[in-house]
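If you're wondering where the values come from, they're calculated on a predicted model, not measured in any experiment. Naming: A, B, ... by sequence-line order, numbering from 1 per chain. For the numbers below, each heavy atom of this structure counts, side chains included, while hydrogens, waters and symmetry mates do not.
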Number of protein chains: 2
Amino acid sequence: MKIGELARLTQCTVETVRYYEREGLLPVATRTEGNFRAYGPEHIERLRFIRNCRALDMSHEEIRNLLGMIDTPAAGCGAINEVFDEHITHVEARIRELEELKQSLRTLRDRCQSERSVNDCGILHGLTEMGSAPRKEKHTHLG
Amino acid sequence: MKIGELARLTQCTVETVRYYEREGLLPVATRTEGNFRAYGPEHIERLRFIRNCRALDMSHEEIRNLLGMIDTPAAGCGAINEVFDEHITHVEARIRELEELKQSLRTLRDRCQSERSVNDCGILHGLTEMGSAPRKEKHTHLG
DNA sequence: GTTGACTCTATAGTAACTACAGGTTGTGAA
DNA sequence: TTCACAACCTGTAGTTACTATAGAGTCAAC
């Protein structure tokens, strides 16, 4: 199977497939005589795995960790649970963050109930009067 | 006032200040004889505005739009409300997305209640069995 | 004058793709 | 066999919002 078909089967692009190979997520493919990549069922399965993880907003690093556990099973699946639990925690943290953000936005938005001149806009005044927010600490890869 | 002080006052870095100037968010500063940037109160105010918007996860484009409205006030603040409303809508959409994601993660996670070998892990089987997720459409800048 | 902090520009890197240029291969139809 | 077109290849650059670094210049205090 060539790369176009693999991409179609796993609902992504050939560029993404090549990118995953370069990133080491997908095993390097064998080549035809014409230097085309040749794929078999194990690549479908692996790429499907990767795409599902990505759909769950897992980072490449997280995926790499999981793949490592699959490829060199040393113990039970406790470590996999840990990756998942950590990811869930990150998702929850990001949700909380966005909820707070939404509150702030609503509070600001409620300062402007009727059309007035830009110079009198409660939102803009709010944005100007607020002390500037401290720089954010690095947080999740979820945005 | 020099750039280090401005950065300190607005709780960001000199690199970020220079970046905002390059991006056109912050007006170009005048220069001292030694080619150091010189800032006054209007820069403090503008940078504070920008940082507050960023703290609200507004994109540079959104900020640029708001600044345009401030600098060339043509009508009332209806347009500002629109920018805000649209941003709030994006935040809400992202929250929903993450909530669904969290559900999926929990469902998968619940397939693994006890320590077993990696080969028998319900999570991994789930990730492999799932049809791969279709490519995501471009969505908000919120992650 | 010296030293150390601050400033400058230019460049590159981060994450996860996405797009494109220019060249090669393969397949089906004429 | 030839041709046209689709698919493939590598390499490079771009997206967003920073962040870091190299190497050089400026400045204030000692």
Side-chain angles (χ1 to χ4, degrees), chain A residues 1-26 28-39 47 50-65 87 90 94 132-143, chain B residues 1-26 28-39 47 50-65 87 90 94 132-143:
Chain A
M1 178 187 337
K2 280 179 293 184
I3 192 170
E5 199 175 337
L6 178 64
R8 211 165 31 247
L9 281 178
T10 50
Q11 303 187 61
C12 66
T13 67
V14 297
E15 287 92 6
T16 304
V17 176
R18 288 197 204 103
Y19 172 63
Y20 289 155
E21 182 183 290
R22 272 200 314 278
E23 288 290 304
L25 292 181
L26 200 59
V28 177
T30 55
R31 297 296 180 119
T32 66
E33 212 177 298
N35 201 33
F36 284 18
R37 290 173 175 79
Y39 296 104
L47 188 53
I50 294 164
R51 294 305 297 166
N52 285 328
C53 289
R54 285 299 301 132
L56 296 171
D57 269 13
M58 297 178 92
S59 67
H60 280 198
E61 192 183 345
E62 282 170 323
I63 297 169
R64 208 168 271 119
N65 285 343
H87 184 50
H90 287 155
R94 181 62 178 154
S132 35
R135 286 179 60 214
K136 283 184 187 173
E137 295 302 323
K138 181 178 170 69
H139 47 79
T140 75
H141 63 269
L142 295 155
Chain B
M1 178 188 339
K2 279 180 293 184
I3 193 171
E5 198 175 339
L6 177 65
R8 211 165 30 247
L9 281 178
T10 49
Q11 302 187 63
C12 68
T13 67
V14 296
E15 287 91 9
T16 304
V17 176
R18 287 196 204 103
Y19 172 65
Y20 288 157
E21 182 183 287
R22 274 202 310 279
E23 287 290 305
L25 292 180
L26 199 60
V28 176
T30 55
R31 296 298 179 118
T32 66
E33 211 176 300
N35 201 31
F36 284 18
R37 290 170 175 80
Y39 296 103
L47 188 51
I50 293 163
R51 294 305 297 165
N52 284 330
C53 289
R54 283 300 302 132
L56 295 170
D57 268 13
M58 299 179 90
S59 66
H60 281 197
E61 194 185 340
E62 283 171 321
I63 298 168
R64 208 169 271 119
N65 285 343
H87 183 52
H90 287 154
R94 180 62 178 155
S132 35
R135 284 179 63 215
K136 284 187 187 172
E137 295 302 322
K138 181 178 171 67
H139 47 79
T140 75
H141 65 269
L142 294 155

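Residue whose closest nucleotide on DNA chain D sits further toward the 5' end, between B:Gly34 and B:Ser59: B:Ser59. Between B:Lys2 and A:Lys2, the one whose closest nucleotide on DNA chain C sits nearer the 5' end is B:Lys2. Residue-to-nucleotide proximity on DNA chain D shows that, of A:Glu5 and B:Phe36, the 5′-proximal contact is made by A:Glu5.
Within the structure, salt bridge (Lys or Arg N to Asp or Glu O under 4.0 Å) pairs that include any residue of residues 13-26 of chain A comprise A:Glu21-A:Arg37, A:Glu23-A:Arg64 (at least two apart or interchain).
Atom OH of B:Tyr19 is separated from atom P of C:dC8 by 18 Å (rounded to the nearest Å). Here the P atom of nucleotide C:dA15 and the CD atom of A:Glu61 are 8 Å apart, to the nearest Å. Residue B:Glu15 contributes atom CD, which lies 11 Å from atom C1' of C:dT7 at whole-angstrom precision. The nearest whole Å value for the distance from the CD1 atom in A:Ile3 to the C1' atom in D:dA7 is 10 Å. For the pair A:Ile50 CD1 and C:dA16 P, the computed distance is 12 Å after rounding to whole Å. The CZ atom of A:Arg8 sits 8 Å away from the P atom of D:dA7 (whole-angstrom rounding). Between A:Leu6 atom CG and D:dC9 atom C1' there is a gap of 16 Å when expressed in whole angstrom units. In this entry the distance linking OH of A:Tyr39 with C1' of D:dC9 reads 11 Å, nearest Å.
Of the inter-residue distances, the one linking B:His90 atom NE2 with B:His87 atom NE2 reads 9.0 Å to the nearest 0.5 angstrom. Taking CG from A:Leu6 and CG from A:Leu47, the interatomic distance works out to 5.0 Å, rounded to the nearest 0.5 Å. Note that CG of A:Leu142 and CE of A:Met58 are 10.5 Å apart. Values are rounded to the nearest 0.5 Å.
For B:Tyr19, the side-chain hydrogen bond (donor to acceptor under 3.5 Å, both in side chains) test picks out no residue, with sequence neighbours left out. Applying the ring-ring contact (aromatic ring centres under 6.0 Å, His included) test to B:Tyr20 and every residue at least two apart in sequence or in another chain returns B:His60. For B:Thr30, the side-chain contact (heavy atoms from CB on, under 4.5 Å) partners at least two apart in sequence or on another chain are B:Ala38.
In terms of heavy atoms, B:Asp57 sits closest to B:Glu62 at O-OE1, 4.3 Å. Closest approach of A:Gly4 and A:Val14 over heavy atoms only: CA-CG1, 3.8 Å. Counting all heavy atoms, side chain and backbone alike, A:Lys2 lies closest to A:Tyr39 at C-CD1, 4.0 Å.
Taking side-chain N and O atoms only, A:His60 has no distance below 4.0 Å to OP1 or OP2 of C:dA15. Note on A:Tyr20: every side-chain N or O is 4.0 Å or more away from OP1 and OP2 of C:dA16. The shortest distance between the side-chain N/O atoms of B:Thr16 and the OP1/OP2 oxygens of D:dT19 is below 4.0 Å.
Listed nucleotides C:dT7, C:dC17, D:dC8 differ in distance to A:Arg54; the shortest reach to its side chain belongs to C:dC17.
In the helix from C:dG1-D:dC30 to C:dA30-D:dT1, the terminal helix axes, each the rotation mapping four pairs' C1' atoms onto the next four within five end pairs, subtend 30°, rounded to 10°.
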Protein-nucleic acid N or O pairs under 3.5 Å, nucleotides 9-13 of chain C:
residue : atom : partner : partner atom : Å
C:dT9   : OP1  : B:Arg31 : NH1          : 3.2
C:dT9   : OP1  : B:Arg31 : NH2          : 2.7
C:dT9   : OP2  : B:Arg37 : NH1          : 3.0
C:dT9   : OP2  : B:Arg37 : NH2          : 3.0

